[in-house]
There are 2 protein chains.
Amino acid sequence: MISRLEALCLEKGLKMTGQRRVISQVLSEADDHPDVEEVHRRALLIDPRISIATVYRTMRLLEEAQVIERLDFGDGRARYEEAGADHHHHLIDTRTGRVIEFSCSELEAIKERIARELGYRIVAHRLEIYGVPLDEEEGKK
Amino acid sequence: MISRLEALCLEKGLKMTGQRRVISQVLSEADDHPDVEEVHRRALLIDPRISIATVYRTMRLLEEAQVIERLDFGDGRARYEEAGADHHHHLIDTRTGRVIEFSCSELEAIKERIARELGYRIVAHRLEIYGVPLDEEEGKK
DNA sequence: ACTAGGAATGCGAATGATTTTCAGTATTAT
DNA sequence: ATAATACTGAAAATCATTCGCATTCCTAGT
């Protein structure tokens, strides 16, 4: 069967190879924000002959085709998620690395307004909040 | 004379060496967002015997001491700015790389609210908008 | 189906930013 | 001043990512 991302790739006219199919499947099934090594690890479970170089190449390809989005949580490696319709942002738990997604239409509106006031059209943007759980804070007292 | 950042370092009890003084001066005088190589280049004009390794070490030291802030505009190298009192964000011109700073108290309030709703206390956050000038858009028509 | 030809892959080497190692030097408290 | 300790320069080491090249795999054309 065809994974969600594979279908998207076909729509965009990308040549589909065995390894791209596997990587598309991995990314379709992911509900987190894996880095390249993690994608490779998961891909190897499906087909053990995929090289990390191919994963890097494919991630770049998919990013350029806007099928996935590259994220950066400041830890030195790129993370990825499916390029969604909904504009959301990330709250990163600095203790555990857990990532919570959220979205806020007010935020979007304010951003648009700020860009317009500065004379710009937004081509991309990102908001990340790094935080620690409130309940753990209490625990420390 | 003592540069603004050098004073800050002294306050924080950092040992002040010749090269740290030079780097502090460079950073105090900068009104842009230089990367490590650029800081090194400017430092060399003041004292030609400063090594890039020392610049890297000092930038990290100053970042940890919260004297400067590390930025990341997605081009693979770290940028820095003086850690300011005012919470501002960056709009990056994707055509020229120019960086415009802006701040918005509404944004701050919304972010705080979102974090609280998710059960977190903010320890850091960042918002970057990447855009192209509106007037250049018109020119293309 | 069958084949040509241009992509895609795998491997290892190359890159670019950053960190570390280590021997020598400078800084600060005494 | 002096000792103890931290800092520096230079080069080697790392880490994530990209590239070069020989081989293999798709896709279009027949």
Side-chain angles (χ1 to χ4, degrees), chain A residues 2 5-7 9-27 33-44 46-65 67-80 97, chain B residues 2 5-6 9-27 33-65 67-80 97:
Chain A
I2 294 178
L5 259 62
E6 186 183 342
C9 290
L10 289 170
E11 271 178 44
K12 307 240 176 185
L14 300 181
K15 184 190 279 192
M16 287 314 289
T17 65
Q19 20 285 77
R20 289 187 184 173
R21 247 184 290 278
V22 170
I23 293 168
S24 296
Q25 184 189 332
V26 165
L27 293 171
H33 305 84
D35 59 24
V36 172
E37 270 199 75
E38 182 57 33
V39 173
H40 185 220
R41 214 171 292 130
R42 295 178 194 177
L44 285 179
I46 302 174
D47 177 347
R49 77 189 95 174
I50 293 178
S51 97
I52 186 92
T54 296
V55 179
Y56 271 107
R57 275 189 285 241
T58 304
M59 298 308 273
R60 188 134 68 105
L61 181 80
L62 296 186
E63 191 201 342
E64 281 163 6
V67 172
I68 59 177
E69 252 173 64
R70 182 205 298 265
L71 307 174
D72 165 27
F73 297 155
D75 58 355
R77 68 206 109 164
R79 310 303 200 79
Y80 293 88
Chain B
I2 294 179
L5 259 63
E6 185 183 342
C9 290
L10 290 169
E11 271 178 45
K12 308 238 176 184
L14 301 179
K15 185 189 279 193
M16 286 315 288
T17 65
Q19 22 284 76
R20 289 186 183 173
R21 247 184 289 277
V22 169
I23 293 168
S24 297
Q25 184 189 334
V26 165
L27 293 171
H33 305 84
D35 58 25
V36 172
E37 271 199 74
E38 182 58 33
V39 174
H40 184 220
R41 214 171 292 132
R42 295 178 194 177
L44 285 179
L45 298 177
I46 302 173
D47 179 347
R49 79 190 94 175
I50 293 178
S51 93
I52 187 89
T54 297
V55 180
Y56 270 107
R57 274 187 287 241
T58 305
M59 298 307 274
R60 188 136 68 105
L61 181 80
L62 297 186
E63 191 201 341
E64 280 164 7
V67 172
I68 59 177
E69 253 172 62
R70 182 205 297 263
L71 307 176
D72 165 27
F73 296 154
D75 58 355
R77 66 205 111 165
R79 311 300 201 79
Y80 293 89

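Order of the sequence lines fixes the chain letters, A, B, ..., with proteins taken first and strands second; residue numbering starts at 1 for each chain.
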Integer-rounded Å distance: [N] [atom2] and [X] [atom1]:
X        : N       : atom1 : atom2 : result
Asp75(B) : dA16(D) : CG    : P     : 19 Å
Asp35(A) : dC15(D) : CG    : C1'   : 12 Å
Glu64(B) : dC7(D)  : CD    : C1'   : 15 Å
Glu37(A) : dT14(D) : CD    : C1'   : 13 Å
Met59(B) : dA17(C) : CE    : P     : 15 Å
Leu71(A) : dA16(D) : CG    : C1'   : 16 Å
Ile52(B) : dA10(D) : CD1   : P     : 12 Å

According to side chain to side chain donor-acceptor pair (under 3.5 Å), who are the partners of [X], at least two apart in sequence or on a separate chain?
X        : result
Glu63(B) : Arg70(B)
His40(B) : none
Gln25(B) : Glu29(B)

Who passes salt bridge (Lys or Arg N to Asp or Glu O under 4.0 Å) against Arg77(A), sequence neighbours left out?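 Counting only residues at least two positions away or on another chain, Arg77(A) forms a salt bridge (Lys or Arg N to Asp or Glu O under 4.0 Å) with Asp35(A), Asp75(A).
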
Applying salt bridge (Lys or Arg N to Asp or Glu O under 4.0 Å), name anything that partners Glu69(B), two or more places apart in sequence or on another chain.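 Scan of Glu69(B) (salt bridge (Lys or Arg N to Asp or Glu O under 4.0 Å), adjacent residues dropped) gives none.
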
Check the pair Tyr80(A) / His33(A) against side chain to side chain contact (heavy atoms under 4.5 Å, CB included), numbers first and verdict last. CA-CA 5 Å; Tyr80(A) 293 88; His33(A) 305 84; over 6 Å; no

Show the atom names and distances, to 0.1 Å, of all donor-acceptor pairs under 3.5 Å that link a side chain in residues 48-56 of chain A to residues at least two apart or in another chain.
{"unit_1": "Arg49(A)", "atom_1": "NE", "unit_2": "Asp47(A)", "atom_2": "OD1", "d": "3.4"}
{"unit_1": "Ser51(A)", "atom_1": "OG", "unit_2": "Ala53(A)", "atom_2": "N", "d": "3.2"}
{"unit_1": "Ser51(A)", "atom_1": "OG", "unit_2": "Thr54(A)", "atom_2": "N", "d": "3.3"}

Where is the tightest heavy-atom contact between Ile68(A) and Met59(A), given as atom of each residue plus distance?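 Minimum heavy-atom contact is CD1-O, 3.5 Å.
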
N or O in side chain of Tyr56(B) less than 4.0 angstrom from dT18(C) OP1/OP2: yes

Report yes if at least one side-chain N or O of Arg60(A) is closer than 4.0 Å to OP1 or OP2 of dT18(D); otherwise report no.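 It does, given that an N or O in the side chain of Arg60(A) lies less than 4.0 Å from OP1 or OP2 of dT18(D).
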
Given DNA chain C, 5'-ward residue of the pair Arg20(A) and Ala78(B), judged by closest heavy atom: Arg20(A)

For [X], which residues count as a side chain to side chain contact (heavy atoms under 4.5 Å, CB included) partner, sequence neighbours excluded?
X        : result
Glu6(B)  : Ile2(B), Ser3(B), Leu10(B), Met16(B), Arg21(B), Ser24(B)
Leu61(A) : Leu14(A), Arg20(A)
Arg60(B) : Glu64(B)

How would you summarise protein contacts on nucleotides 22-30 of chain C per nucleotide, using B for base, S for sugar-phosphate only and - for none, with heavy-atom distances below 4.0 Å? -----BS--

Does anything in residues 40-51 of chain B come within less than 4.0 Å of DNA chain D? Heavy atoms only, and list the residues if so.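 Contacts with DNA chain D under 4.0 Å: Arg49(B), Ile50(B), Ser51(B).
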
Five-pair end axes of the helix from dA1(C)-dT30(D) to dT30(C)-dA1(D) and the angle they enclose, rounded to 10°: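 For the helix from dA1(C)-dT30(D) to dT30(C)-dA1(D), the axes at opposite ends meet at about 40°.
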
